[in-house]
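To keep things clear, I will list the structure first and then write my remarks on it.
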There are 2 protein chains.
Amino acid sequence: MSTEVKASPRERLLEAAATLTYRDGVGIGIEALCKAAGVSKRSMYQLFESKDELLAASLEERASAFVATLLPAADDGRSPRERILHVFEQVELQAGAPEFRGCRYLAVQIELKDQSHPASRVAHRVKGNLTAFFRAEAEHGGASDPELLARQLSLVFDGASARAGIGADNLTGLIAPTVATLLDTAGVR
Amino acid sequence: MSTEVKASPRERLLEAAATLTYRDGVGIGIEALCKAAGVSKRSMYQLFESKDELLAASLEERASAFVATLLPAADDGRSPRERILHVFEQVELQAGAPEFRGCRYLAVQIELKDQSHPASRVAHRVKGNLTAFFRAEAEHGGASDPELLARQLSLVFDGASARAGIGADNLTGLIAPTVATLLDTAGVR
DNA sequence: AGAAAAATAAACCGATCGGTTTCCCGGTCG
DNA sequence: CGACCGGGAAACCGATCGGTTTATTTTTCT
């Protein structure tokens, strides 16, 4: 029993940053982050250049969990249509949790406004990857216009998670028929 | 020519608040708002109880312009389908402007996170009104499930403006076919 | 045990936050 | 003229911001 019974300061900081910025916004203070992580500011600034970099790194680290949670396994036997629907089933599932606040990557970009901010860049990349997944599946599924379908699905993804995040809609019975309609129209059976 | 050659301090404050919070976020300082409005903090705090109330009031005031810009005239001769499409044409138009940053009401709610914040409540109401418009038109247009269609359209509205606002998509050729697909499926010709 | 390295807590920095108060100037009255 | 008064400029308040530094403790290594 030698391997990592406890998380490293770095991991704890990334975790705290991800959790607290998601709940309270990027305006959360460094002091609060360090306190939550049980790490001194001094150590934090040896591990990260700045708050901006910590924020960007925490989004980066969460990216793998993001895709792991949403995307289906790379080679499961299911059809492109089923694989796409799987993503939205996961969104609806997450939206049920009371602490759900929408897609963190969208929220960070909206809060920061500055597209050149390191964290905004990470967020932009992660969202680009999701769109790329949709496009690949759309192509594989024989969509009439894979690029269009991918953009439509990304739009629905962001719209759904945003509206659920602000409590404007609980998504029940909304996502599945909407996505199905788009898939049908695109010719993805 | 006696009526309002210049805006009142109150109007200037509301305008400055709307402009600056839209560009820089709700974290913008009171000092900057007052400076931009050409009003002293002293006067500002005589006109508004707090920053929160100023923010809420500025959103409230912008609400009429919001609906005036997006919604068609109440009694133009067009069909429900055309009236719904009109809204999204306006969104696509606005998204072309370089300073466009997505729907301000959605942004405010995401930034504040607190749903009980006065400004969040105003935002929630305004968005509810838009959904109500969609629902009314959906009913009038004979949609098979007006409530579902209204939620779908709201979802597309928020998704589209959010993604355009963060520079993830320029919406060109995206909204019209998407909305048309939803309208078709709902049976709104 | 004792030197060396690392990590902590906390003081500190200048700047800014939302909000209050003081001061002072320019009008408008009697 | 002189008393008044609204409002602007700016000082001021305690709190917090991101970030640095000091001093002390804890850990590690020999």
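Every chain is numbered from 1 and lettered A, B, ... according to where its sequence line falls, protein lines coming before strand lines.
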Testing the 3.5 Å rule here: is there a donor-acceptor pair between the side chains of Q152(A) and T178(B)? yes
Walking DNA chain D from its 5' end, the first of S43(B) and D52(A) to be reached, judged by nearest nucleotide, is S43(B)
Could you tell me whether G38(B) contacts a base, only the sugar-phosphate backbone, or nothing, with contacts defined as non-hydrogen atoms closer than 4.0 Å?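 Here G38(B) touches no strand at all.
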I28(B) near the nucleic acid: base, sugar-phosphate alone, or nothing, with a heavy-atom cut-off under 4.0 Å?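 Touches sugar-phosphate only.
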Protein-nucleotides 20-29 of chain D N/O pairs closer than 3.5 Å?
from    : atom 1 : to     : atom 2 : distance (Å)
dT22(D) : O4     : R42(A) : NE     : 3.1

Side-chain ion pair, E137(A) and R78(A), N-O less than 4.0 Å: no
Filter on side chain to side chain donor-acceptor pair (under 3.5 Å), then keep only pairs touching [range], sequence neighbours left out; what's left?
| range | value |
| --- | --- |
| residues 24-41 of chain A | S40(A)-S43(A) |
| residues 51-68 of chain A | E15(A)-R62(A), D52(A)-H117(A), E60(A)-R125(A) |
| residues 153-162 of chain A | K127(A)-D158(A), T131(A)-S154(A), D158(A)-R163(B) |

Under 6.0 Å from the CZ atom of R12(B), do we count more than 12 heavy atoms belonging to anything else shown? yes
Counting only heavy atoms not in E82(A), do more than 12 fall under 6.0 Å of its CD?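 Enclosed: over 12 neighbouring heavy atoms sit under 6.0 Å from CD of E82(A).
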Using a 3.5 Å cut-off and no angle test, enumerate the donor-acceptor pairs between side-chain atoms of residues 182-189 of chain B and protein atoms at least two apart in sequence or in another chain.
from    : atom 1 : to      : atom 2 : distance (Å)
D184(B) : OD1    : R81(B)  : NH1    : 2.9
D184(B) : OD1    : R81(B)  : NH2    : 3.1
T185(B) : OG1    : T181(B) : O      : 3.0

Span of DNA chain C in contact with chain B (heavy atoms, under 4.0 Å):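 Span of nucleotides near chain B: dC17(C) to dT22(C).
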Between Q46(B) (CD) and dG7(D) (P), how many Å, whole number?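 Taking atom P of dG7(D) as the reference, CD of Q46(B) is at 6 Å.
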